[in-house]
Amino acid sequence: MPQQRDHWNSNIGFVLAATGSAIGLGNLWKFPFITWENNGGAFVLVYLVCIAAVGLPIMMAELLIGRRGQKSAVGALKDAAGPAWGLVGGWGVTCGFILLSYYTVIAGWSLYYFARTMEWSFSGFPAGLATGDVFTGQVGNAGLQLALSLGFSLGTVAVVYFGVSKGIERIARTFLPILFGILILLLVSALGMSGSGEALRFIFRPSFAELEADSVLEALGHSFFTLSLGMGAMITYGSYIARHHSIVKASAMIVALDTLIALIATVIMFSVIFSVAGMSEQVGGSTVGMLFISLPELFYSEVPFGVLLGPLFYVLVALAALTSTISLLEVVVSYVIDEHGVARHRATIGSGIAVFVFTIFAALSFTDTPFLSTLAVFANKTGWFETADHFVSNWMLPTGGFAITIAAGWIMSRKATESELLDGNQPDWFNYGVWRFFIRFVAPAAVAAIIIAVLFGVDFS
Ligand code: PFF
């Protein structure tokens, strides 16, 4: 029996939920790091161009495919482009499944750091404590890793269990304002630090001499990850949009907020780093370094009101991660509901358990577990976690994204896409012909460049 489809209760609820999916570890963890590695300024500018020229048109494409089909990624792509396109949807669901399985592990670290920073705030940061050792100690502790990722998985399942309007939307409406509030507090504090001027110059003053070809591709690759594109998450969220909400306006809001938050997070982190002598030499070389090794200590030694802001910062990371993990689980759950007729409660629990089996593998990747910590499929990637991340970021998201541009730009009729985008609510600045040009030519060419680069060994993970 077909079940009544749940919908977003309000446009703002939908925009917040989709923004919550987009804002995640990609903004707080990956973007600052790659901006650092690529020398700031020019890279940031290139990233903004990629977001506008590739990310935004694909965001609109995914949302319109979802809203038109009113089904999960598999069903919606089949409706939009033909039966064979169900495979692309299936690719997306698989990608969501894998990404969720290891994303939860890093999300779990935020819970650990919240607990530790609370302890340090109350009893003082222990003199001489090496935060690098704290980090390696926690990732290497199998029981702890399993407990943290289980806790995070249970939280994710609990939200998705209650469905779109009563679960996902309600959480987004409550948590995103808190997330924005914490970020603003952190920003104000960071701007008061002595390194903020240098940080702003580093981020916003472009120096094209330092830009490399690989940086352009890295910016492009990251625009998929950060906007939750290429794997059907936005198709799924789009399938719960009611007809009278404008896809164009919503896409613009989601993309703008995601970008703004990534920039604010970067300003915060770099202001701290530039305020401390010698710190800029230390942070390079590791993605986890900034978030989980350098920052915890600096909250207590450098950051104004760090005693308060330290724990709040890890609440921020946890909330950002949670609103992303629920969207990843929803991709899988909505597929099970729509394509296999399973009720939401059972679909959520079943999918949650299935994903968690793989989360166990990822969680044990940093402990001395044979195979899980030693697996070496790709060059320079060791262990289950790194292998899965490499596969998703390099292969799955770009190929999925490419297929979606082809479906929306070349397979679907002009009439079909035009009627979804020009729905009477679109803003004045929107021009359908421009969108169509970008989705047919610019976006596929750009994504094809990523895929070719991956074939030649460039790494986006
Ligand atoms: N956009 C998320 C981030 O920036 O961390 C990652 C992500 C979440 C990708 C959900 C895909 C997705 F469906």
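Remember, predicted model here, so these are calculated numbers, not experimental data. In each ligand, atom 1 is the first atom listed, and ligand 1 is the first ligand listed.
- In terms of protein heavy atoms, atom 5 (O) of ligand 1 is closest to Y103 OH, 2.5 Å.
- Between P32 and L28, the shortest heavy-atom contact is CG-O, 3.6 Å.
- At a threshold of 4.0 Å, the pair R5-D338 counts as salt-bridged, since one of the basic side-chain nitrogens sits closer than that to a carboxylate oxygen.
- Heavy atoms of W29 come nearer than 4.0 angstrom to ligand 1 in no pair at all.
- For ligand 1, the polar-atom distance check against G26 finds a nitrogen or oxygen pair separated by under 3.5 Å.
- Atoms of ligand 1 lying under 4.0 Å from any heavy atom of M231, numbered from 1 in the order shown and given with element: 11 (C), 12 (C), 13 (F).
- At a heavy-atom distance under 4.0 Å, only side-chain atoms of L99, from C-beta outward, approach ligand 1.
- Within a 6.0 Å radius of OH in Y335, no more than 12 heavy atoms belonging to other residues, nucleotides or ligands are found.
- Not a single heavy atom of G96 sits under 4.0 Å from any atom of ligand 1.
- Close N/O approach between S21 and ligand 1 is found [any backbone or side-chain N/O within under 3.5 Å].
- Under the side chain to side chain contact (heavy atoms under 4.5 Å, CB included) rule, F97 has a single partner from V331, V355, V392, L329, which is V355.
- The contact set between ligand 1 and L25, taken as ligand atoms under 4.0 Å from a residue heavy atom, comprises 5 (O).
- For atom 12 (C) of ligand 1, the closest non-hydrogen atom on the protein side is L328 CD2, 3.3 Å.
- In this structure, D423 does not pair ionically with R243, as no charged nitrogen and carboxylate oxygen lie closer than 4.0 Å.
- Interatomic distance, CD1 of I326 versus CG of L100, reported as 11.0 Å (0.5 Å rounding).
- Among protein heavy atoms, atom 7 (C) of ligand 1 sits closest to S228 OG, 3.6 Å.
- Ion pairing between K30 and E218 fails under the 4.0 Å rule for side-chain N and carboxylate O.
- In terms of protein heavy-atom proximity, atom 13 (F) of ligand 1 is closest to A233 CB, 3.0 Å.
- For ligand 1, the atoms lying closer than 4.0 Å to a non-hydrogen atom of S327 are 10 (C).
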side-chain contact (heavy atoms from CB on, under 4.5 Å) for V267 and F204? Distances and angles first, verdict last.
CA-CA 10 Å; V267 170; F204 294 110; 4.0 Å; yes

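- Taking atom 6 (C) of ligand 1 as the reference point, the nearest protein heavy-atom neighbour is F225 O, 3.5 Å.
- Each of the atoms 1 (N), 2 (C), 3 (C), 4 (O) of ligand 1 lies under 4.0 Å from some heavy atom of A22.
- Checked against a 6.0 Å centroid threshold, the rings of F292 and W29 do not count as neighbours.
- Contact annotation: for K30 versus ligand 1, there are no heavy atoms closer than 4.0 Å.
- Each of T325, I171, V333, V332 was evaluated against V160; a single residue qualifies, V333, per the side chain to side chain contact (heavy atoms under 4.5 Å, CB included) test.
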